[in-house]
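See below for the structure under consideration.
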Amino acid sequence: MTSEVIIDVQPKDISIALLEDKQLVEYQQEQRTASFSVGNIYVAKVKKLMPGLNACFVDVGAERVAFLHYLDLGTQFNSYEKYLKQVVSDRKKLYPIQKANIQPELKKDGSIANTLKVGQEILVQIVKEPINTKGPRLTCELSFAGRYLVLIPFEDSVSVSTKIKRGEERSRLKQLIQSIKPKNFGVIVRTVAEGKRAAELDAELKILLKRWEDVISKVQKTTERPQLCFEEESRAVALLRDLFNPTYDGIHVNDSGIYDEIKNYLGLIAPEKKDIVKLYNGTVPIFDNYDVTKQLKSGFGKTVNYKHGAYLIIEHTEAMHVVDVNSGTRIKKENNQEANALETNLGAADELARQLRLRDMGGIIIVDFIDMKLPEDRQLLYERMCKNMQKDRAKHNILPLSKFGLMQITRQRVRPAMSVNVEETCPTCFGKGTIKSSILFTDTLESKIDTLVNKIGVHKFYLHVHPYVAAFINKGLFSLKLKWKLKYGMGLRVIPSQKLAFLQYEFYDAQGQYVDMKEEIETK
């Protein structure tokens, strides 16, 4: 299996696609100005206590207040509270955690009202981003995740991933980490640490310890509250940290800054794989070049087609995701309804497992498969779904089919499900239902080029249009493009873009910055 990561960096957002055998299986898109990110650490203030919920609302410096439950304070909250007071009391000298005295553990059956008070300063970390009307979810059990290790302050234990099965390897890792970790720190050894040398683990442990020291240093030096103390790595690096596999064939990125960032990160965790990072300099959009745009258009939306004409209907409600399996127009086997139902359902299980990863759907998912009578077929479908979900990094649980033919799936949710709008607003009629003659579209483009060159003074630029329109402009020996170049200069480049609707266009200058050439009626 070949795996590639494609990273599309735009001025407003960054999009990351994971391809397995050229098929899109994971997609992440994040605004570059996003206010929240899972893993960020704040020194924040308690804003309101909710004794009925045994929880409180916390101000982390954003419009929407965050939610902190009593059980998320963690067993070591008393140690954190005392240490924070000691750090803030002396802003000139860094107080090392190794000298801190571990306080008695917080009682699990305690009350939020007896533990916190309004206005109190606490260290918190975001564990779940805002979803729908809910604010971000917080915890006071801080952790710093690396490629091989997770560092947990005020714990004094070493845990090894249960996915590492060999007893001698588990003992080796546990003894190794126990010998190099400082006092008052706990460590979780991740699955990918299996077989790694002591030097690699020690190097990453030092990086994670430096992050903790930076957090405390920022808490100590700043008086503003709330205050961001630690920001999770960029989305590109964070995704690679969790996803990176030595078998990756390529990581392609179209931004030099992100390219350097990823290459430096790989230099730390896998120096021998630095060369798989490639800077994309093509004129065609990077997602178009690697066939990601087309898969996005076909993979999202309410209806998703899969093999032999069958399709899924995916609906999202406030409480759950609902999926309906339909046989569609697939060619049916003669006189064998059970075989048809099984084949359609097995194909649906394959596609649904991909959709869960692709859309990052979480919470409760109810799937209405086509009814099957034979118990062995129902068991086969359940086993197929479990096998397909083994590639999914998110925690999940799958129940066998109920007597109504429904399968219940729960999947860990830490951020809103990914949604890509695949419907395109008509760029020519703007909802009126009538358009100008399409043959005049090239005249409109020429007038825009004339304005850009002769009035605005931009002589080198890129014109992005639908691939069909680009083919028409480039058609023939004496093409429209040649005529425009002779008339307006050789700085014109026509770029086919799959993300644009038919008769839609965009202009970009030589630096790749968008140039707004739309008329007022086109922006409504």
Side-chain angles (χ1 to χ4, degrees), residues 1 18 20-21 23-27 128 131-132 162-163 165 295 298-420 422:
M1 182 180 69
L18 174 63
E20 292 179 355
D21 291 333
Q23 186 179 41
L24 181 66
V25 293
E26 290 200 28
Y27 178 72
K128 187 181 289 187
I131 297 174
N132 296 331
T162 56
K163 292 183 180 180
K165 302 296 183 183
Q295 293 191 59
S298 61
F300 285 86
K302 180 179 176 180
T303 303
V304 179
N305 295 298
Y306 61 100
K307 60 184 180 181
H308 306 309
Y311 60 94
L312 304 177
I313 302 291
I314 302 176
E315 296 273 12
H316 180 204
T317 71
E318 183 73 18
M320 67 184 72
H321 294 271
V322 182
V323 182
D324 184 34
V325 179
N326 292 276
S327 58
T329 58
R330 68 181 302 277
I331 300 174
K332 297 178 173 59
K333 296 180 180 178
E334 295 182 3
N335 303 321
N336 197 339
Q337 184 177 351
E338 186 74 12
N340 287 321
L342 176 61
E343 188 176 338
T344 302
N345 285 340
L346 292 178
D350 296 340
E351 180 61 26
L352 179 59
R354 184 176 81 98
Q355 286 292 325
L356 293 180
R357 292 175 65 190
L358 182 59
R359 303 184 186 217
D360 201 12
M361 293 162 59
I364 301 172
I365 301 106
I366 305 295
V367 190
D368 182 14
F369 285 102
I370 297 173
D371 290 340
M372 296 184 296
K373 296 180 180 178
L374 299 178
E376 56 266 31
D377 288 348
R378 296 159 70 94
Q379 180 63 23
L380 182 62
L381 175 60
Y382 170 69
E383 292 173 358
R384 180 74 159 261
M385 194 71 211
C386 292
K387 181 181 178 181
N388 291 337
M389 292 292 285
Q390 286 177 357
K391 297 179 182 178
D392 199 334
R393 296 175 296 113
K395 295 178 182 178
H396 58 269
N397 189 28
I398 306 171
L399 296 182
L401 269 72
S402 70
K403 64 180 180 180
F404 298 119
L406 301 178
M407 179 178 287
Q408 301 171 67
I409 303 172
T410 60
R411 186 174 182 274
Q412 182 185 25
R413 177 172 65 177
V414 295
R415 56 178 56 86
M418 178 57 60
S419 176
V420 175
V422 297

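When a residue number appears, it is its place in the shown sequence, counting from 1.
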Rounded distance [0.5 Å steps], [atom1] in [X] versus [atom2] in [Y]:
X	Y	atom1	atom2	result
E376	L380	CD	CG	9.5 Å
E351	N388	CD	CG	10.5 Å
L356	I409	CG	CD1	5.5 Å
T410	I364	OG1	CD1	8.0 Å
D371	D377	CG	CG	12.5 Å
L401	Y382	CG	OH	10.5 Å

Flag, side chain of [X] to backbone of [Y], donor-acceptor distance under 3.5 Å:
X	Y	result
D21	Q23	no
R411	M361	yes
R378	M372	yes

Quick one, [X] and [Y] - any side-chain contact, counting heavy atoms below 4.5 Å?
X	Y	value
L346	L381	yes
L352	Y306	no
N397	Q408	no
V325	L312	yes
S327	I370	yes
M320	T317	yes
V304	R359	yes
F300	I314	no

Look at the rings of H316 and H321 and say which category their plane angle falls in: under 30° parallel, 30 to 60° tilted, over 60° perpendicular. parallel
For residues T344 and A310, report the shortest heavy-atom separation together with the two atoms involved. CG2-CB, 4.0 Å
Minimal non-hydrogen separation, A348 against F369, with atom names: CB-CE2, 4.0 Å
Mind checking salt bridge (Lys or Arg N to Asp or Glu O under 4.0 Å) for E20 and listing every partner two or more places apart, or none if nothing turns up? R357
Quick one: which of Q295, Q355, R354 gives a side chain to side chain contact (heavy atoms under 4.5 Å, CB included) with V25? R354
